[in-house]
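Inspection log for the structure reproduced underneath, given as structure tokens.
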There are 2 protein chains.
Amino acid sequence: MTEPTTRSPGAADDASASRQHTLRERNLRLVARAIYDAAAAPRSPGAVPPSRADVATATGLTRATVSTLVDRLLVARLVTELAPVPAQRAGRPAVPLVPARRTVVGVGLEVNVDYLGVRVLDLAGDVVAERVGTGSFHDSDPAAVLARLGALASDVVAGVQADGMQVAGARLALPGLVDARTGELEVAPNLGWSSLDPVPPLGLGELPVVVANEAKLAALAELAGDVPPSFLYVSGDVGIGGGIVVDGALFLAERGWNGEIGHVVVDPAGPRCTCGAYGCLEQYAGKEAILRAAGLEADAPLDSLVALLRDDDGAAVEQARAAVVRAGQALGSALADFVNLTGVSTVVLGGVYTELEDWLRPEVEAGLADRVLAAPFAPVVVRAAVAGEHAALTGGAREVLREVVADPAAWG
Amino acid sequence: MTEPTTRSPGAADDASASRQHTLRERNLRLVARAIYDAAAAPRSPGAVPPSRADVATATGLTRATVSTLVDRLLVARLVTELAPVPAQRAGRPAVPLVPARRTVVGVGLEVNVDYLGVRVLDLAGDVVAERVGTGSFHDSDPAAVLARLGALASDVVAGVQADGMQVAGARLALPGLVDARTGELEVAPNLGWSSLDPVPPLGLGELPVVVANEAKLAALAELAGDVPPSFLYVSGDVGIGGGIVVDGALFLAERGWNGEIGHVVVDPAGPRCTCGAYGCLEQYAGKEAILRAAGLEADAPLDSLVALLRDDDGAAVEQARAAVVRAGQALGSALADFVNLTGVSTVVLGGVYTELEDWLRPEVEAGLADRVLAAPFAPVVVRAAVAGEHAALTGGAREVLREVVADPAAWG
DNA sequence: CGGCGTTTGTTCTATGAATGAACTATTACC
DNA sequence: GGTAATAGTTCATTCATAGAACAAACGCCG
């Protein structure tokens, strides 16, 4: 098992001897990144993917070197040449280089409280295959649930392999405390799971599976959109998870047990939390807490709350709105602590908060403006997540592929 | 101005083309690190500094390569050969390699509320020169104060240069919000300074000076001791600052405005803070808040509080102890948020907290055990700082030298 | 006390990856 | 169709490392 989920901050200044082939590896990475970054960048209408010559000027390498490196990426099936476009100017037309499609793929897996699923992405970011099953996995049997997910996954994997794609690896997202170094699950309260290695029960054989926290993989899914390189991701559900992304990578100090914003103190005189303490954020802004405060059942669908909020009038509407406002205030207070402590000034609202954004955001922004010390110099930006449903599946698959592209030498 | 204060997480996977000389630089760094790490490691009695051969086996390079690299470090005066010790076994005796003394030095500068100072360290970590002046710089004139510090510094610098040492650079520590990218001071409430570049008024000419937050440099000073590679540093004074150290380097996302634990919410029903919000930690565990709650004047010396706490009996003693207990509880609550959000499981108590450790620690540990979610799996360790007085001076000077050793090619 | 094995450090040739200049390929423009 | 321009390739050169052979300085032991 390699570096799980992301590079740790100190990992890049790697402590091993550099030889000739280290140069190769590093420049190969540089070239791959140049091609992939260009593909990910918001494309202006007339923009065309970079050629070998473009990559050379962008990286500072010579065209000769870039040519040999690109050749390696081509045989590794990480990059594809497009048909030369007849340029509008003199000279031999350039060969555009783009991430390869349907060649190498990454797999995202997830077990959450009310569903499990598999999603396969290719290097271009396209969804190649997907299967999601519903269920109620509260206090479930890990072996049975993981076996079910494994069966789904091996089915999907067999399919894409039959189409000639190579599967680079998989990430399994779980809603709990996952050790970022060992990949062991310490505890997942809402699943009722604890102290287990979830990989063997999947029965996926050779396929390398790395386990990670659901909110953190969901945070990575945002990188596909137009986010700044550093942001805080908050995933609202029954519990409230978080992920810290710094310069495009997850921040995972020690064992990666960070972003636990659900248990930040909002009011020490507040209600008792499942964790034993009093006045945790979860008691104000957790999904069940909001639904109850809105006068709904704790397991009511979120849509029913949204419908209420959208209604024009009535006592029930008032109560629902007040509940969300209260949640927004609590969230603003806790997020202010988060921003003050991490210094990251963009907040992305994920999970149920995405749909509640319209009602939450004013309160959250007010709380941040009041309490974030650096706000006068670097205003905090709050925005809704864009990754869509089951973001952790996308984030996991993306992360597998990011690692491949970050070290093409190890792959090719 | 180079990378200020520390490498940013993404900096090491540097995005420039690798050539032959890149290999040199990287291996040079590797060799330097091997020699310095061995010198910093807790030396068992019989241990002897590493030889070229030792460095070769430690790094994986050949002895031939290590020899040429060590030669460079010798001429750059970063490393010195000791007299060969007659080994107890057969074979040619090894030449021990150690960090050079009194050759290349780093300068730490600081302006704080009641003092300013200069400290010069050499590569072996020895204090080569030091000058500290007292004063009251509350609402002071930046130009005047900085000129005074600059005069002190150029005096000291001239002295060490006259002794043949080369000054690699300086770090200026300030108790305020410093932009880690530009080195501009946004605001230092307790000095009454705002929006200025403090470097020109120093009048230090050629000497490269980088500005940083005081608590963050003080945190780095702890690295000289026996701390784990990652820890949270909390510096208690009138304000409460913090620093996040991950894998031996400061965590500085975006502009480095993190660790502002002084304004974490302890109780929204609490007293109003200078920042405008209610119930910030500073109102419970700030130096002035503690002194007042203990029945002392807000500007009383800390020793008077410690003397009270050490006393046997009496109503004043009770009040003082209660004040510190209350501060410890608030600190425990805020630190629990800090640990839950960053995932770093060691807390170092600096500033006035160092001296109050005996009375604070039980309360802080209780709060952490109660509220830190991962505590059952990774208990939070609380300890007092060891860097001694004016830790930011030491941390700043160390940081200058760390950068030199981290990139010896740029220096030699 | 001098040869022998051992370990350290140096010298020298070979290898491999990037450079830079020359060369080929393919277009637009006149 | 000739010329200029740009893309991509070929090839001799450069340079840092590896690896092997060598020199230096020790302990050991007969």
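Side chains are part of it too, since the values below use all heavy atoms of this structure and drop only hydrogens, waters and symmetry mates. Just so it is clear: chains get the letters A, B, ... in the order the sequence lines come, proteins before strands, and each one is counted from 1.
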Donor-acceptor contacts under 3.5 Å from residues 46-54 of chain A side chains, at least two apart:
from	atom 1	to	atom 2	distance (Å)
Ser51(A)	OG	Ala53(A)	N	3.3
Ser51(A)	OG	Asp54(A)	N	3.2
Ser51(A)	OG	Asp54(A)	OD2	3.3
Arg52(A)	NH1	Glu81(A)	OE2	2.9
Arg52(A)	NH2	Glu81(A)	OE2	2.7
Asp54(A)	OD2	Ser51(A)	N	3.0

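- Using a 4.0 Å heavy-atom cutoff across all strands shown, Val95(A) reaches sugar-phosphate atoms only and no base atom.
- In terms of the side-chain hydrogen bond (donor to acceptor under 3.5 Å, both in side chains) criterion, residue partners of Glu254(A) (sequence neighbours excluded) are, by chain and number, Ser345(B).
- Along DNA chain D, the stretch of nucleotides lying under 4.0 Å from any heavy atom of chain B spans, 5' to 3', dC15(D) to dG27(D).
- Contacts of Ala64(A) classified as side chain to side chain contact (heavy atoms under 4.5 Å, CB included), with partners at least two apart in sequence or in another chain: Thr62(A).
- Applying the side-chain hydrogen bond (donor to acceptor under 3.5 Å, both in side chains) criterion to Glu25(A), with sequence neighbours excluded, gives His21(A).
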Problem set entry | B/S/- contact track for nucleotides 11-21 of chain C, protein heavy atom under 4.0 Å | B----BBSBB-
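- Taking Asp37(B) as the reference, nothing meets the salt bridge (charged side-chain N to carboxylate O under 4.0 Å, His left out) condition, with sequence neighbours excluded.
- For the side-chain hydrogen bond (donor to acceptor under 3.5 Å, both in side chains) test, no residue two or more places apart in sequence or in another chain qualifies with Asp71(B).
- By the side chain to side chain contact (heavy atoms under 4.5 Å, CB included) test, Val104(A) is found to be paired with Leu78(A), Leu123(A), Gln166(A), Ala168(A), Leu401(A), Trp411(A), residues two or more places apart in sequence or in another chain being considered.
- The base of dG9(C) is not paired with the side chain of Arg52(B) by any donor and acceptor separated by under 3.5 Å.
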Contacts under 3.5 Å, N or O only, protein and nucleotides 3-6 of chain C:
from	atom 1	to	atom 2	distance (Å)
dT6(C)	O2	Gly91(B)	N	3.1

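- We find that Arg398(A) and Glu222(A) are not joined by a salt bridge, their nearest charged nitrogen and carboxylate oxygen being 4.0 Å or further apart.
- By the side-chain hydrogen bond (donor to acceptor under 3.5 Å, both in side chains) test, Arg102(B) is found to be paired with no residue, residues two or more places apart in sequence or in another chain being considered.
- Partners of Arg255(A) under the salt bridge (charged side-chain N to carboxylate O under 4.0 Å, His left out) rule, at least two apart in sequence or in another chain, are Asp179(A).
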